[in-house]
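Here is the structure we will look at.
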Protein chains: 2
Amino acid sequence: MVQIFDDLFLNVYDTPMNPTIKDIAARAGISYATVSRALNGKYGVSRETREKVKALAEEMSYRPNAIAQGLVNRATMTVGLIIPDITSPFFPRLALGIEETLLKAGYNLFLCNTSWNPERERDYLNNLIQKQVDGIIISSIAHHADDIESLIPSDMPLVYVSSYPEGTEHSYVLIDNIKGADMAVTHLLSRKHRRIAFIGSEQERHSLEDRLSGYHKALNRAGIEISEDMVVLDKFQEQSGYKMIRNLLGKGTIPDGVFAENDLIAMGVVQGVRDSGYRVPEDMAVIGFDDIPIASHPDIQLSTIHQPKYRIGAYAAEILLRQLNRDPSERRTERMTLQPELIVRRST
Amino acid sequence: MVQIFDDLFLNVYDTPMNPTIKDIAARAGISYATVSRALNGKYGVSRETREKVKALAEEMSYRPNAIAQGLVNRATMTVGLIIPDITSPFFPRLALGIEETLLKAGYNLFLCNTSWNPERERDYLNNLIQKQVDGIIISSIAHHADDIESLIPSDMPLVYVSSYPEGTEHSYVLIDNIKGADMAVTHLLSRKHRRIAFIGSEQERHSLEDRLSGYHKALNRAGIEISEDMVVLDKFQEQSGYKMIRNLLGKGTIPDGVFAENDLIAMGVVQGVRDSGYRVPEDMAVIGFDDIPIASHPDIQLSTIHQPKYRIGAYAAEILLRQLNRDPSERRTERMTLQPELIVRRST
DNA sequence: TTGAAAGCGCTAACAT
DNA sequence: ATGTTAGCGCTTTCAA
């Protein structure tokens, strides 16, 4: 009776919109455990059954519920990536290297953008953990390891990329910032500039500190005394180089060379210098850091320190994949420091 | 005995690394159902119990397993976003508008980058569905709606952003490409240019088609016959504008104005024109589309059609949120076409 | 106010 | 080769 009644509204073999293995099992007339085995290529299923199940799955356009799989497998095949700025010319290239490397290994990426907001960094971290990602790659803006690692379960694979917090025991991949800065400033010195300013953001990242110490190192080596008013750090992002150099020049501090923390700031500096009536590079040479794509544009031609962004990301992903494939007990910290490259263009 | 033995190694009330509601319940001496109720602010829990549970959860740094919640709630509070190019100056700004809007509403973003690869677009789509996202926003490179909508369950909220495939019934948000192109070409005409070329990629996106028809429209209105060799479409991305204009000029086709599909191509065109010995804008005016940040740089000064990228993203997210809040039956298609804005700079 | 129990979709151990 | 069952962590009836 019930059977007949049901048939009035719904074909017994009708395909639900989002079929589960139970629906397939019902149509195949077998148990749903067998369907699971057949679909996952496990042993102990006859060729005949396996093919029938696969055909049915195809026909019903079955897609496994990854959330349910994640719950039982205790693995989501998903990695979280946290970066400070998705609109910058720098981080998305890191992200691309990471994404493509993970994709090849069958992992997916949860990409999170904090817009340089430490609170959002913490929120996203919590979120990724709740979402049960298998590992995390982060270009953190936290200063101390504790700031963020206290949020992260100790068995969660974690790799820092492009910067890392003070005191961490975890893996990281980044450029040799000290050496890069040293190269930049040494290049300025080789061009006979002596009064060299450092202009940077006020993000207290390790990368900034290192670039500053590379700056000091190069000047020390040349026996040049460092004057504190030659170091300008400000909160602004992006076009801030303009304001900072204008400010500096306005105060009567006239450098003959500027090393900027990154290319975006350097481009602002170049404009500020020009708008103040000086010539680049004749009166003031300017060098940046990163080698973003626009730096090589014929009308920009910014000298800079090159970072292999895609590769940095790819390496970070490879390290994470290695952690993912190991038992928690035998995971080792892996740290890579890549060599920077001096690119001389028209601004120096 | 067993109790005592256990105590040698593990306090009975020890906190596991990733505690569950059961662990909290054990320590509180209540059932885990009550813990769930307490934590989720449901009615029917005494103030006392609720506070005890919350304190315990805090102390044990409990974080709900979102995967398990997703399974039972049939909602993941996660939205998928698919864009073709994460390294472009355009899409990340869309993504930012989307991300921040969704974040305010408590949703998370799964950001996927296809690198203009249709196969990866399909793969990611399948993936997002398996991951049980609650909705999808996509800047699709598919030409026909069927190409991708056949993959998507019909009850899945879907919003196209910045481009949409032929024949879709779904919502979208984009700039008025026809009008924008019309404005660009009309601007060129107002500068007394008559031989106006169109240079674009070969991505068969609706946005390209519309920009082409805007180009035709403006020329028709001016009574100018369109010569097919003035329309150049090529496969290359980014710096391709350079090759395309050099090719065109090499064949002896000398336009006096160029409308490029986007700013990146336009910048390549400007270089190509200059390297061929012509002046911009005197011999050849060039206008782009998008108004990417670098277009306004003092050394670039590219005329273009402005798109409010962040807002386009934000609107798309708002539409999706509205769908998410409605029953499937009462979801209506919402389509927004934003007005473009002509930005005249030095290249025209 | 609280507990017991079912079930979300799936995998895997244990039976048969 | 296949079926039965437990259980992943959680929410939500239904009882008490």
Side-chain angles (χ1 to χ4, degrees), chain A residues 15-54 56-57 60-78 127 129-134 153 155, chain B residues 15-54 56-57 60-78 127 129-134 153 155:
Chain A
T15 301
M17 237 181 36
N18 291 311
T20 70
I21 49 173
K22 291 193 183 176
D23 298 312
I24 297 180
R27 288 221 8 208
I30 56 178
S31 79
Y32 65 90
T34 302
V35 173
S36 171
R37 279 188 283 252
L39 257 18
N40 291 315
K42 303 280 177 191
Y43 287 109
V45 183
S46 71
R47 231 176 67 95
E48 192 189 21
T49 309
R50 190 183 299 277
E51 274 164 15
K52 186 162 93 183
V53 168
K54 283 191 170 174
L56 227 33
M60 300 166 78
S61 53
Y62 165 77
R63 269 170 305 200
N65 182 327
I67 232 84
Q69 288 179 321
L71 190 58
V72 46
N73 290 337
R74 309 175 142 280
T76 54
M77 295 305 283
T78 303
N127 231 286
I129 293 162
Q130 293 186 199
K131 288 245 163 68
Q132 311 295 120
V133 295
D134 296 339
D155 61 343
Chain B
T15 300
M17 236 178 40
N18 291 309
T20 69
I21 48 173
K22 291 192 185 178
D23 299 312
I24 297 180
R27 287 219 12 207
I30 55 176
S31 77
Y32 64 89
T34 303
V35 174
S36 170
R37 279 187 284 251
L39 258 17
N40 292 314
K42 303 281 178 190
Y43 287 110
V45 184
S46 71
R47 229 177 69 96
E48 193 188 19
T49 309
R50 190 184 301 276
E51 273 164 16
K52 184 162 96 184
V53 167
K54 283 192 168 173
L56 227 32
M60 300 166 78
S61 54
Y62 165 77
R63 269 170 303 198
N65 182 327
I67 231 85
Q69 287 179 320
L71 190 57
V72 46
N73 289 338
R74 310 176 141 281
T76 54
M77 295 305 282
T78 303
N127 232 286
I129 293 163
Q130 292 185 200
K131 287 243 163 68
Q132 312 294 121
V133 295
D134 297 338
D155 60 344

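Letters A, B, ... are given to chains in the order of the sequence lines, protein chains preceding strands, and every chain is numbered from 1.
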Between B:P19 and B:S61, which heavy-atom pair has the shortest distance, and what is it? CG-O, 4.3 Å

Looking at A:K42, does any N or O in its side chain come under 4.0 Å of the phosphate oxygens OP1/OP2 on C:dA12? yes

I need the B:I129 CD1 to A:N18 CG distance, nearest 0.5 Å. 8.5 Å

For A:I21 and C:dA12, give me the distance from atom CD1 to atom C1', rounded to whole Å. 12 Å

Atom CD1 of A:I24 to atom P of C:dT11: distance rounded to whole Å? 11 Å

Taking all non-hydrogen atoms of both residues, which atom of A:Y43 and which atom of A:R37 are closest, and how far apart? O-CD, 4.2 Å

Heteroatom pairs (N/O) under 3.5 angstrom, protein to nucleotides 13-16 of chain C:
residue, atom, partner, partner atom, Å
C:dA13, N6, A:R37, NH1, 3.4

Remember a base hit wins even if backbone is also touched, and classify B:V72 as base, sugar-phosphate or nothing at under 4.0 Å, heavy atoms. base

Out of the candidates B:V45, B:I21, B:N40, B:D23, only one should pair with B:V35 under the side-chain contact (heavy atoms from CB on, under 4.5 Å) rule; please name it. B:I21

Closest heavy-atom pair, B:Q132 versus A:A66, reported as atoms and distance to 0.1 Å, is OE1-N, 4.5 Å

Would you list the pairs meeting side chain to side chain donor-acceptor pair (under 3.5 Å) in which at least one residue belongs to residues 62-78 of chain A, sequence neighbours left out? A:R63-B:N126, A:T76-A:D134, A:T78-B:K131

Value rounded to 0.5 Å, distance of CG in A:L56 from OG1 in A:T49: 12.0 Å

Report yes if at least one side-chain N or O of A:N40 is closer than 4.0 Å to OP1 or OP2 of C:dT11; otherwise report no. yes

With respect to the side chain of B:Y32, which nucleotide from C:dG3, C:dA12, C:dA6 is positioned closest? C:dA6

Watson-Crick or G-U stems of DNA chain C, 3 or more pairs, under 3.5 Å, by first number: C:1-16 with D:1-16

Rounded to whole Å, OH of B:Y43 lies from P of C:dT1 at a distance of 11 Å

Across all chains, not counting sequence neighbours, the side chain to side chain donor-acceptor pair (under 3.5 Å) partners of B:E51 are B:R47

B:K52 atom NZ is separated from C:dT1 atom P, nearest whole Å, by 15 Å

Using a 4.0 Å cut-off on heavy atoms, which residues in residues 62-71 of chain B reach DNA chain D? List them by number, or say none. B:Y62, B:P64, B:N65, B:A68, B:Q69

Between A:S31 and A:A25, the two heavy atoms sitting closest are C-CB, 3.7 Å

What contact category does B:S36 fall into here, base, sugar-phosphate, or nothing, at under 4.0 angstrom with non-hydrogen atoms? base

Students should find that the nucleotides of DNA chain D closing off the region near chain A, any atom under 4.0 angstrom from a heavy atom, are D:dA1 to D:dG9

Decide yes or no for A:V53 and A:T34: does some side-chain heavy atom of the first lie under 4.5 Å from some side-chain heavy atom of the second? no

Between B:E48 and A:N73, name the one whose nearest nucleotide on DNA chain C is closer to the 5' end. B:E48

Taking NZ from B:K131 and C1' from C:dC10, how many angstroms apart are they, rounded to a whole number? 16 Å

Does B:T34 have a side-chain nitrogen or oxygen under 4.0 Å from the phosphate oxygens OP1 or OP2 of C:dT2? no

Here's a test of your reading of the structure: between B:R47 and A:N18, which maps to the more 5' nucleotide of DNA chain C? B:R47

